[in-house]
There are 2 protein chains.
Amino acid sequence: MRSSTKTPAKPRGRPRAYEPEQAIAHATEAFWHAGYAATSLDALSEATGMNRPSLYAAFGDKHALYLAALDRYIAAGRAAIDAALGDDVPLPRALKRMYDSALAMYYPPDDDARGCFLIGTAVTEAKDDVEVREKLGAGLRLFDHGIEARLQRAKALGELDADADPAALAGIASAILHTLALRSRAGDSRAALRATAAAGVQLICGKAAEKGGAANRTRKRSGGS
Amino acid sequence: MRSSTKTPAKPRGRPRAYEPEQAIAHATEAFWHAGYAATSLDALSEATGMNRPSLYAAFGDKHALYLAALDRYIAAGRAAIDAALGDDVPLPRALKRMYDSALAMYYPPDDDARGCFLIGTAVTEAKDDVEVREKLGAGLRLFDHGIEARLQRAKALGELDADADPAALAGIASAILHTLALRSRAGDSRAALRATAAAGVQLICGKAAEKGGAANRTRKRSGGS
DNA sequence: TTAATTTTGTTCAATATAGTACAAAAACAT
DNA sequence: ATGTTTTTGTACTATATTGAACAAAATTAA
């Protein structure tokens with residue numbers, strides 16, 4: 001039962017000294033630092049602990065490895081968005097949680113601010129590299145759709161006005177995410193970006209957005225003045 | 001009178017075969033395409049028409065040339081923002097004009113979409129390169145302040161609510177600009193980004209924002225329904 | 001016309017990088 | 001134990017790239 005899904009019988013020859021998932025994770029870190037073009041295969045070799053021929057055998061060339069790193073990051077990003085927006089927390093809180101979760105990635109505890117891997121590295125390559133451009137575009141759209149789904153639910157639940165446009169608002173919410181992704185790498189402080197995110201949430205959700213934190217769970221969504 | 005300001009008397013030796021301003025402009029184009037790391041000195045040499053020794057003599061190394069290109073672009077960007085927001089056009093119109101002016105740069109008439117030079121190339125380098133990071137941060141702030149100044153005027157003129165926070169709104173308006181900068185390079189259509197910009201303008205200016213385009217120049221800023 | 005000055009253009013050396021070839025090593029199958 | 005298979009690790013080649021050296025060219029000053 002397990003042999004057909006996970007382990008294809010038994011691997012025949014010398015066992016690999018690395019775990020593919022881990023290797024891609026470490027390669028991602030390397031690309032994240034210097035970007036795609038400035039990251040040499042030697043740097044990737046050192047980051048993954050694999051020597052160059054093993055890298056080629058396992059992933060193909062540098063480009064293929066980068067695409068694999070993008071795929072992995074995009075999937076994790078979408079999962080993080082869904083996790084932040086998932087359970088039935090009020091919309092402003094959920095959005096703030098999403099932005100905080102992003103900032104936690106953009107400001108690693110032990111290193112300098114690095115921003116978003118996708119935006120911080122793929123945007124540069126996207127101009128001349130069709131595969132990167134399409135992966136980047138698809139990734140951004142995937143994030144959009146995760147947010148849009150939550151906003152659609154919010155509209156259905158009355159958390160948003162009846163005439164609200166979830167798709168358009170998702171575009172704005174994504175724009176806030178993008179500015180965080182950029183500015184964290186550009187040297188802005190985490191506190192400043194939290195404030196930007198909060199301002200964005202307030203604008204998206206309307207003036208009635210909670211301000212005191214956990215206090216007003218049962219806030220009113222007034223429509224008048 | 002002119003000798004001390006523009007032309008320092010007369011240049012002594014062989015005249016240069018290039019104009020520094022033009023050379024930086026062409027170098028900018030080259031960097032814009034492939035990014036900083038992937039642009040070789042040979043590519044810069046070809047783009048500028050200068051051979052490598054002349055490049056070194058004129059600007060120093062590749063890094064210094066890139067910084068000069070960033071400076072020039074940032075100054076032009078600020079000028080474009082001020083021009084778009086300058087005269088006394090209503091706020092929503094002015095913001096849309098700013099975004100349109102940005103999109104005109106991001107989608108060159110004769111080439112593929114290229115996005116924003118600053119965001120499309122400097123963000124990647126910013127992580128490990130202090131000078132680029134500081135220039136990028138200063139550039140983004142310069143743009144912010146241009147927008148914020150207009151929003152402050154808008155508040156004084158009653159175009160924004162009395163309790164509006166111009167600085168915070170400028171952060172949002174910049175975020176919209178950033179998302180356009182990214183997404184244009186990521187393959188999004190210009191029409192889609194114009195719609196995103198319009199949605200952002202509407203949210204920033206309030207529901208009373210104009211919708212009909214050039215038709216309602218004399219719209220009312222009603223407070224009611 | 002001659003000297004001085006600055007830029008240009010060719011050439012070269014040093015290094016880095018990508019990609020591959022090939023032998024050694026570590027496992028399984030018989 | 002012996003052979004087969006797959007991965008590892010070293011070494012090598014080809015190319016690209018940076019940065020500088022140096023002679024030729026174009027101009028002004030005397």
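First the proteins, then the strands, lettered A, B, ... as listed; each starts at 1.
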In chain order, what residues pass the ring pair (Phe, Tyr, Trp, His ring centres under 6.0 Å) check against B:F143, with sequence neighbours excluded?
none

Any residue meeting side-chain contact (heavy atoms from CB on, under 4.5 Å) with A:D165, in chain and number order, not counting sequence neighbours
A:A167, A:A168

Rounding to a whole Å, what distance do you find between B:R16:CZ and C:dG9:P?
14 Å

Taking D:dT5, C:dT5, C:dT7 as options, the one with an atom nearest any side-chain atom of B:R12 is C:dT5

Donor-acceptor side-chain pairing of B:H26 and B:T48 below 3.5 angstrom
no

What integer distance in Å separates A:M50:CE from D:dT6:C1'?
13 Å

Basic-acidic side-chain contact under 4.0 Å: B:E125, B:K135:
no

Reading DNA chain D from 5' onward, which residue's closest nucleotide shows up sooner: B:A38 or B:P15?
B:A38

Sugar-phosphate means primed atoms, P, OP1 and OP2; the rest is base. With that split, encode nucleotides 13-24 of chain C 5' to 3' as B, S or - using protein heavy atoms under 4.0 Å.
----SBBBB---

Report the distance from atom CG of A:L55 to atom P of D:dG9, rounded to the nearest whole Å.
11 Å

Have A:Y66 and A:T28 got a donor and an acceptor in their side chains that come within less than 3.5 Å?
no

Rounded to whole angstrom units, what separation is found between the NE2 atom of B:H63 and the P atom of D:dT17?
19 Å

Within the pair B:S54 and C:dT8, is there a side-chain N or O less than 4.0 Å away from OP1 or OP2?
yes

Should A:R133 and A:D129 count as an ion pair when the cut-off is N to O under 4.0 Å?
no

Please give, in whole Å, the distance from D:dT7 P to A:Y18 OH?
7 Å

Separation of D:dG19 atom C1' from B:L44 atom CG, nearest Å, is 14 Å

